[in-house]
Colleague: 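Supplied in structure tokens, the structure appears directly below.
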Amino acid sequence: MPKIKSLQAREILDSRGWPTLEAEVVLDNGLSARASVPGSYSIGDHEAFEFRDGDKKRYRGLGVLKSVAKIKEVIEPSIMGMSILQQSEIDKILIELDGTKNKSKLGANTTLVVSLACARAGALASKQELFAYLGETFSFGKPTIPTPVFNIFNGGRHADTNLDFEEFLIIPKKASASEMIRQGADIFHALGDELKQAGYDTDTGAEGGYAPDLDSSIEAIELILAATIRAGYNPGQDLWLGVDIGSSILFEESSKRYIFPLDNAYFTADNLIGLYDSWFKKYPIIYLEDGLAQDDWDKWRDLTTELGDKVMVVGDDLFATNSNRLRKGIQEKAANSLVIKPSQIGTLTETVECIKLADKHNYRVIISHRSGETNDSFIVDLAVATRADYLKAGSLSRGERVVKYNRLMEIDNIIYKK
Ligand code: PGA
Ligand code: ZN
């Protein structure tokens, strides 16, 4: 059994030019593997702690050199000599070394990068594709290709635009990975044509989607529908829409209202649920992410009761890939789907635990990237291995986004021996 010989970590840059972590595991048989972790512009309140140096002289305090040192000084000695195939034991040690509820001692970024690099080294050592190794290690059945959810307008904190919502998504009908991705790209390009024709800007935001200033949120939806038709597809029949409202940042605690500056409107949670309902009647929207703020539990239950049979009511900031929060959601009947981001919790084992809990209670699972990504495509193998329903990895542009979709096509070819 190959054993861990050494562990290296480095400070690298993410797709936004801010520091993040890369780790490399070297095995005693000479093999080595590396992984890196993403960062975010909109970290939810219930995510595990992301460790940053806080030294304002470097990267405005966002450096990760302290994490690099912790990996060398604290983590390496504790896992050195372990079999690389013992992923759960490795993760257990990472969790124990940190010892806090929210990874505030080592940082979820610090523990996750080691967890992921070990899994990749384990796959290599057992001469398996990463998705096959993960599927076996965590006892999932046959790998499956998730449906990609493409984010073609970027708003909120993800772009310099007046769009209030974080993401406007398109969701293709189930087909081969290459077919679904081609469809997404066709519509992405058609949307560029629509925007140009309307005199709008076609520059893109952090996740590769367009980021123009528009007149209203509904205009973004109308433009996507026009682009879909322009590209030769039939909205509501071979393609659907989704929105990530990212509403936690639009919620004003003091007045308990949701404020939408672009639409020059504000809503109570009840009014907002009514507004969503009216959209779903009018447009082929099947996916609503973070439609309410991260602690508005009672209203999440109302939202789910009223709209859950029509659309996917998706919790991202609400659950933060945290099994305890998901358990509360299950009890309270809040949401029927959830976003999984390994960096919200900090180890592979805890991520998988949350996915399994979601599966058991019939929540649909969306494995997701972050706004500050690297070229690591680990989440794609994770989505395939865990039989996730959807994969959300941004738009059809920017290297750190398309590397994920390219990996999905590659895996599809491997599974179906094309
Ligand atoms: P984040 O956004 O990485 O900025 O949290 C991604 C998302 O909310 O889906
Ligand atoms: Zn989200």
Side-chain angles (χ1 to χ4, degrees), residues 14-18 20 36-50 52 62 108-109 112 146 148-161 163-171 204-209 211 241-251 258 285 287-296 300 303 311-322 325-326 329 335 337-346 351 354 363-374 376 378-380 382-383 388-395 398 400-401 404:
D14 71 15
S15 56
R16 310 164 301 168
W18 295 115
T20 191
S36 54
V37 290
S40 164
Y41 279 121
S42 50
I43 297 185
D45 289 352
H46 304 291
E47 296 192 29
F49 185 70
E50 184 190 54
R52 299 280 181 180
L62 295 178
N109 47 345
L112 183 67
V149 174
F150 303 109
N151 173 12
I152 57 175
F153 272 126
N154 292 177
R157 289 198 181 135
H158 290 174
D160 193 5
T161 148
L163 292 175
D164 295 328
F165 305 162
E166 212 164 71
E167 308 182 335
F168 289 81
L169 305 151
I170 51 172
I171 307 168
T204 54
E207 296 186 352
L241 269 49
V243 278
D244 177 0
I245 308 290
S247 73
S248 294
I249 61 166
L250 302 168
F251 182 63
Y258 291 83
I285 300 174
Y287 178 112
L288 173 69
E289 181 176 329
D290 281 352
L292 293 172
Q294 55 203 342
D295 288 307
D296 214 351
W300 268 94
L303 174 71
V311 296
M312 292 164 65
V313 178
V314 185
D316 172 10
D317 289 349
L318 178 71
F319 298 126
T321 316
N322 182 317
R325 289 190 66 87
L326 179 57
S337 310
L338 88 166
V339 167
I340 291 282
K341 296 168 172 166
S343 62
Q344 286 178 326
I345 191 73
T351 306
C354 193
Y363 276 61
R364 254 143 310 156
V365 173
I366 302 105
I367 307 267
S368 168
H369 68 159
R370 303 301 306 252
S371 41
E373 266 296 330
T374 71
D376 195 325
F378 196 108
I379 54 160
V380 183
L382 181 67
D389 304 282
Y390 298 93
L391 168 72
K392 191 162 75 136
S395 182
R398 294 186 64 128
E400 77 282 0
R401 313 293 154 185
K404 274 82 167 167

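One-based numbering, in listed order, for ligands and for the atoms of each. Numbers here simply count residues along the sequence, with the first being 1.
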Colleague: Of Gln294, Arg325, Gln344, which is the lone residue that meets side-chain hydrogen bond (donor to acceptor under 3.5 Å, both in side chains) with His46?
Modeller: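 Only match with His46 under side-chain hydrogen bond (donor to acceptor under 3.5 Å, both in side chains): Arg325.
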Colleague: Classify the angle between the aromatic ring planes of Phe168 and Phe153 as parallel (below 30°), tilted (30 to 60°) or perpendicular (above 60°).
Modeller: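 Because their plane-to-plane angle is over 60°, the rings of Phe168 and Phe153 count as perpendicular.
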Colleague: Considering non-hydrogen atoms only, spot the tightest contact between Leu169 and Glu167 and give its length.
Modeller: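 Looking at all heavy atoms of both residues, the closest pair is CD2-OE1, 3.7 Å.
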Colleague: Look at the aromatic rings of Tyr287 and Tyr390 and report parallel, tilted or perpendicular, splitting at 30° and 60°.
Modeller: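 Perpendicular, since the angle between the ring planes exceeds 60°.
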Colleague: Report the relative orientation of the aromatic rings in Phe319 and Trp300; use parallel for angles under 30°, tilted for 30 to 60°, perpendicular for over 60°.
Modeller: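 The arrangement is tilted - the two ring planes meet at 30° to 60°.
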Colleague: Strictly under 2.8 Å of the Zn ion (ligand 2): which protein N/O/S atoms qualify?
Modeller: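 The answer, once waters are left aside, is Asp244 OD2, Glu289 OE2, Asp316 OD2.
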Colleague: Show me, by chain and number, every protein residue that has a heavy-atom distance under 4.0 Å to ligand 1.
Modeller: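 Residue list for ligand 1: Ser40, Tyr41, Ser42, His158, Glu166, Glu167, Glu207, Asp244, Glu289, Asp316, Lys341, Arg370, Ser371, Lys392.
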Colleague: Can you check whether Asp45 reaches Asp317 side chain to side chain, under 4.5 Å on heavy atoms?
Modeller: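 Side chain of Asp45 against side chain of Asp317, heavy atoms only: no contact under 4.5 Å found.
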Colleague: Any heavy-atom pair between the side chains of Thr374 and Val37 that's under 4.5 Å?
Modeller: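 When only atoms from C-beta onward are counted, Thr374 and Val37 do not touch, as no gap falls below 4.5 Å.
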Colleague: Testing Lys404, Arg401, Glu400, Lys392 for side-chain hydrogen bond (donor to acceptor under 3.5 Å, both in side chains) with His369, which one passes?
Modeller: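 So the option named by the test is Arg401.
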Colleague: Indicate yes or no: at least one non-hydrogen side-chain atom of Ile366 is less than 4.5 angstrom from one of Ile340.
Modeller: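 In short, these two side chains do not touch, never coming nearer than 4.5 Å.
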